[in-house]
Amino acid sequence: MRWSQYFVYTLREDPSDADVISQKLMTRASMIKKLAAGIYTYLPLGLRSIHKLESIVREEMNRAGAVELSMPAIQPAEIWQESGRWFQYGKELLRIKDRHDRDFIFGPTHEEVITSVVRDSINSYRQLPVNLYQIQTKFRDEVRPRFGLMRGREFIMKDAYSFHTSMESLDDAYTAMRDAYNRIFKRCALDYVMVDADTGNIGGSASHEFHVMAKSGEDAIARCPKCSYGANTEKAVGTIADAGLGSDAAAPLTEVATPNMKSIEDVAKFLGVATSRVVKTLMYDTDLGPIMVLIRGDREVNEIKVKNYSGTQWVVMLTDDRFDEAVGGPAGFVGPVGAKKIRVIADKHLEGTTNWITGANKLDAHYTGATIGRDFEAPEFADVLLVREGDLCLRCGTAMEIHRGIEVGHIFKLGTKYSKAMNCVFLDEAGERQPMIMGCYGLGVGRTVASAIEQNHDADGIIWPIPIAPFEVMIVTAGQDENVRTTAAAIHDKLEAAGIDVMWDDRDERPGVKFKDADLVGFPVKITVGAKSLAEGNVEWSLRRDPKARNIGKPDEVVAKVVAMIEEARGTR
RNA sequence: CGGGGCUUAGCUCAGCCUGGUAGAGCGCACGGUUCGGGUCCGUGAGGUCGGAGGUUCGAAUCCUCUAGCCCCGACCA
């Protein structure tokens with residue numbers, strides 16, 4: 001491909017409405033163009049990267065036993081009413097009406113469609129399992145679209161759905177998908193991590209997320225540098241490394257005046273102790289009534305863990321005006337000692353500790369020496385800790401690190417939620433009707449491409465991993481000498497014949513302009529053909545990732561080397 | 001949904017406070033110059049100043065409404 005014949009235009013300045021690197025660089029490199037908030041055109045260069053990723057995804061999905069199909073983007077309301085999500089889904093679901101005033105939606109996901117397809121087509125255990133996938137455009141009317149392709153409203157996603165007669169069968173498909181995802185991200189040469197994830201309100205028994213590590217990521221990921229443990233901080237478990245409360249002999253319960261000392265910091269400072277020696281008391285409201293949650297004063301509670309452990313549907317902080325009703329103490333001075341009858345959940349790290357400093361359930365007073373069993377009834381102990389950097393890995397005891405990650409894939413075992421709601425059943429060997437057991441497996445295509453840029457760029461532009469680069473090689477000609485152009489054309493043709501994605505910047509521009517553009521768009525390999533080197537029969541090539549390492553050679557040698565290098569880097573299989 | 005900001009040439013922005021019929025840089029076209037890291041000089045094209053209404057002799061500028069976009073928060077997987 002020649003630059004002059006392609007559709008490329010580069011911009012010198014960042015678009016004013018972009019806020020992440022990938023969006024700025026993709027816009028400046030003419031890979032995407034925004035049409036409306038969260039809605040983008042994929043320009044030719046951007047589409048090439050998307051297609052390359054899609055090819056990798058298809059290969060790995062097919063290899064893992066999934067079968068491709070394509071479902072409608074527009075779906076009738078009926079199936080969403082059947083699953084119940086028509087009523088649950090809120091404004092994120094784009095609802096539209098047709099000319100007959102019938103309700104439709106633009107699909108944000110396709111559980112309903114696939115379930116209706118399968119239930120109508122499959123009746124026997126003999127036909128199961130099946131695993132169907134598609135790569136398709138979806139729409140979620142995000143409250144606040146941002147970050148370019150990373151959180152758009154319209155986006156391309158690969159979604160797969162598997163149907164089974166047993167949990168064992170689901171496990172097999174789940175494992176195959178998990179392996180396929182690992183292969184996909186490895187083949188893209190991305191630094192990523194697979195983590196345990198919270199299953200959220202969807203339920204189900206297992207769930208893994210795949211995160212591409214990047215500073216701009218929206219999720220915090222706890223990762224053990226030694227063993228393979230990784231988890232979204234929503235779910236991550238760990239042990240606090242440093243000592244906090246002691247387990248020494250219990251001191252007597254003593255009430256101390258703490259005038260106007262409402263925060264843990266105030267109380268600790270006032271009493272001359274570390275915040276880790278104070279017990280933080282948090283009040284939450286839930287659908288099952290208010291609960292009290294206790295944790296070491298220097299740490300934060302993971303509300304998702306509270307919700308999951310307590311078995312409640314929702315958990316929110318209790319408002320100050322309801323404290324008296326719930327525990328009989330004012331906000332800032334509540335604690336387990338002398339509280340009204342209320343469910344109390346304490347972080348596991350508090351188990352076996354003594355001499356707590358806690359609120360006294362009256363204004364301007366705290367207790368010291370508060371001890372479980374003697375001064376108040378033993379609470380339920382559970383893991384409700386929000387892990388942070390330095391907490392110890394439960395598997396191997398190593399201090400964990402917290403990194404930012406971009407969620408690019410999410411797989412989970414759905415169970416029978418949709419099959420039951422939508423009557424997707426099969427006859428088993430005994431002739432009994434059973435709901436199919438489902439799994440679902442999502443992968444954000446545009447988001448993965450964007451995350452590759454978030455992870456791989458420098459001040460000059462994108463640094464594409466070879467497997468998803470729009471073009472693998474850029475030939476830059478310096479000057480318009482006939483010899484230069486002939487040589488460049490020959491190199492171009494040879495590379496193309498060898499199956500390399502190559503572009504030749506044949507514009508009548510100064511070399512500096514071409515170099516800048518090549519760096520911005522991020523072609524992994526650059527071959528420079530200039531009159532000076534060519535006088536000695538040489539051309540030059542270098543890698544975008546390591547521009548200082550310049551290699552000189554005869555055109556044919558360079559072609560051979562570049563072809564070999566790229567074929568290896570593609571890492572097929 | 002709450003708070004804040006923005007909308008002027010293809011792009012990035014100035015002009016608005018203190019009303020007098022619109023500017024710069026980049027890009028684009030043409031001429032010259034230069035030619036291995038966004039050359040330099042000149043000429044030129046290009047804008048109903050987001051939209052509607054109002055105040056005024058006169059509105060990009062002041063007022064009201066409205067739309068779009070961005071940020072922070074809330075929400076959400």
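A quick note: this is a predicted structure, and the numbers were derived from the prediction, not measured. So that the names make sense, note that chain A is the first sequence line, chain B the second, and so on, each numbered from 1.
Whole-Å rounding puts the A:K235 NZ to B:A77 P distance at 16 Å. We find that CD1 of A:I475 is positioned 16 Å from C1' of B:G36, with the value rounded to whole Å. Distance A:K516 NZ to B:G27 P: 14 Å, rounded to the nearest Å. A:R447 places its CZ atom 9 Å from the C1' atom of B:A77, with the value rounded to the nearest Å.
Paired with A:W80 under the rule ring pair (Phe, Tyr, Trp, His ring centres under 6.0 Å), one option of A:F106, A:Y89, A:F104 passes, and it is A:Y89.
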If you look only at distance, which donor and acceptor atoms sit under 3.5 Å apart when one is on a side chain in residues 8-18 of chain A and the other is two or more places apart or in another chain?
from	atom 1	to	atom 2	distance (Å)
A:T10	OG1	A:D517	OD1	2.8
A:T10	OG1	A:D517	OD2	3.4
A:D17	OD2	A:K34	NZ	2.8

Which pairs of donor and acceptor atoms, one on a side chain in residues 401-408 of chain A, lie under 3.5 Å apart (sequence neighbours left out)?
from	atom 1	to	atom 2	distance (Å)
A:E401	OE1	A:H403	NE2	2.8
A:R404	NE	A:G217	O	3.0
A:R404	NH2	A:G217	O	3.2
A:R404	NH2	A:E218	O	3.1
A:E407	OE2	A:H410	ND1	3.2

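Each of A:D517 and A:A36 was assigned the nucleotide of RNA chain B with the nearest heavy atom; the assignment lying further toward the 5' end belongs to A:D517. Nearest-nucleotide positions on RNA chain B place A:V513 closer to the 5' end than the other of A:E142 and A:V513.
Near RNA chain B, meaning a heavy atom under 4.0 Å away, the residues from residues 522-532 of chain A are A:K526, A:T528, A:G530, A:K532.
Searching all strands for a Watson-Crick or G-U wobble partner of B:G46 with both distances below 3.5 Å returns nothing. With both pairing distances under 3.5 Å, B:G10 is matched to B:C26 as a Watson-Crick or G-U wobble pair. Pairing of B:C65, defined by two Watson-Crick or G-U wobble distances under 3.5 Å, is identified with B:G51. In a base pair of the Watson-Crick type (N1 to N3 plus N6-O4 or O6-N4) or a G-U wobble (N1-O2 and O6-N3), with each distance short of 3.5 Å, B:G38 is matched with no nucleotide. With a cut-off of 3.5 Å on both pairing distances, B:C75 has no Watson-Crick or G-U wobble partner at all. B:A60 makes up no base pair with any nucleotide shown, lacking Watson-Crick or G-U wobble contacts both under 3.5 Å.
Residue A:E540 is in base contact, counting any heavy-atom pair closer than 4.0 Å across all strands shown. Among the protein residues, A:K514 comes within range of no part of the nucleic acid, since none of its heavy atoms lies under 4.0 Å from any strand.
Comparing B:G38, B:G36, B:C70 by their nearest atom to the side chain of A:R28 picks out B:G38.
B:G46 sits 12 Å from B:G10 when the P atoms are compared, rounded to a whole Å. B:C26 and B:C41: their P atoms are spaced 9 Å apart (whole Å). B:U21 sits 14 Å from B:G15 when the C1' atoms are compared, rounded to a whole Å. Annotation: B:A9 and B:G25 have their P atoms spaced 16 Å apart (nearest Å). Between B:G4 and B:A60, the distance separating the two C1' atoms is 23 Å to the nearest Å. Taking atom C1' in both B:U61 and B:U43, one finds a spacing of 32 Å when rounded to whole Å. Rounded to whole Å, the C1' atom of B:U48 lies 14 Å from the corresponding atom of B:A59. Taking atom P on both B:G51 and B:U7, the two are 13 Å apart, rounded to the nearest angstrom.
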For this session: Can you check each nucleotide of nucleotides 3-15 of chain B against protein heavy atoms at under 4.0 Å and return B for base, S for sugar-phosphate only, - for none, in 5' to 3' order?
Result: --------BSS--
For this session: At under 4.0 Å between heavy atoms, which parts of nucleotides 29-35 of chain B does protein reach? Answer with one letter per nucleotide, 5' to 3': B base, S sugar-phosphate only, - none.
Result: -----BS
Exercise. Under the salt bridge (Lys or Arg N to Asp or Glu O under 4.0 Å) criterion, do A:D171 and A:K413 qualify, and how do the steps go?
Worked result: CA-CA 8 Å; A:D171 288 344; A:K413 299 182 183 176; 2.5 Å; yes
Exercise. For A:Y418 and A:R85, what are the C-alpha separation, side-chain angles and deciding distance, and is it a side-chain hydrogen bond (donor to acceptor under 3.5 Å, both in side chains)?
Worked result: CA-CA 10 Å; A:Y418 294 95; A:R85 289 208 287 187; 2.9 Å; yes
For this session: Verify ring pair (Phe, Tyr, Trp, His ring centres under 6.0 Å) between A:Y441 and A:F210, making sure each step is shown before the conclusion.
Result: CA-CA 11 Å; A:Y441 320 93; A:F210 293 80; over 10 Å; no
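Proximity of A:R140 to the phosphate of B:A77: no side-chain N or O atom is located under 4.0 Å from OP1 or OP2.
A:Y192 meets the ring pair (Phe, Tyr, Trp, His ring centres under 6.0 Å) test with A:F185; sequence neighbours excluded.
The local environment of NZ in A:K97 is crowded, with over 12 non-hydrogen atoms from other residues, nucleotides or ligands closer than 6.0 Å.
Counting heavy atoms from C-beta outward, A:F471 and A:M1 have side chains that approach closer than 4.5 Å.
For the residue pair A:K514 / A:T528, no side-chain donor-acceptor distance below 3.5 Å is found, with atom types taken as modelled.
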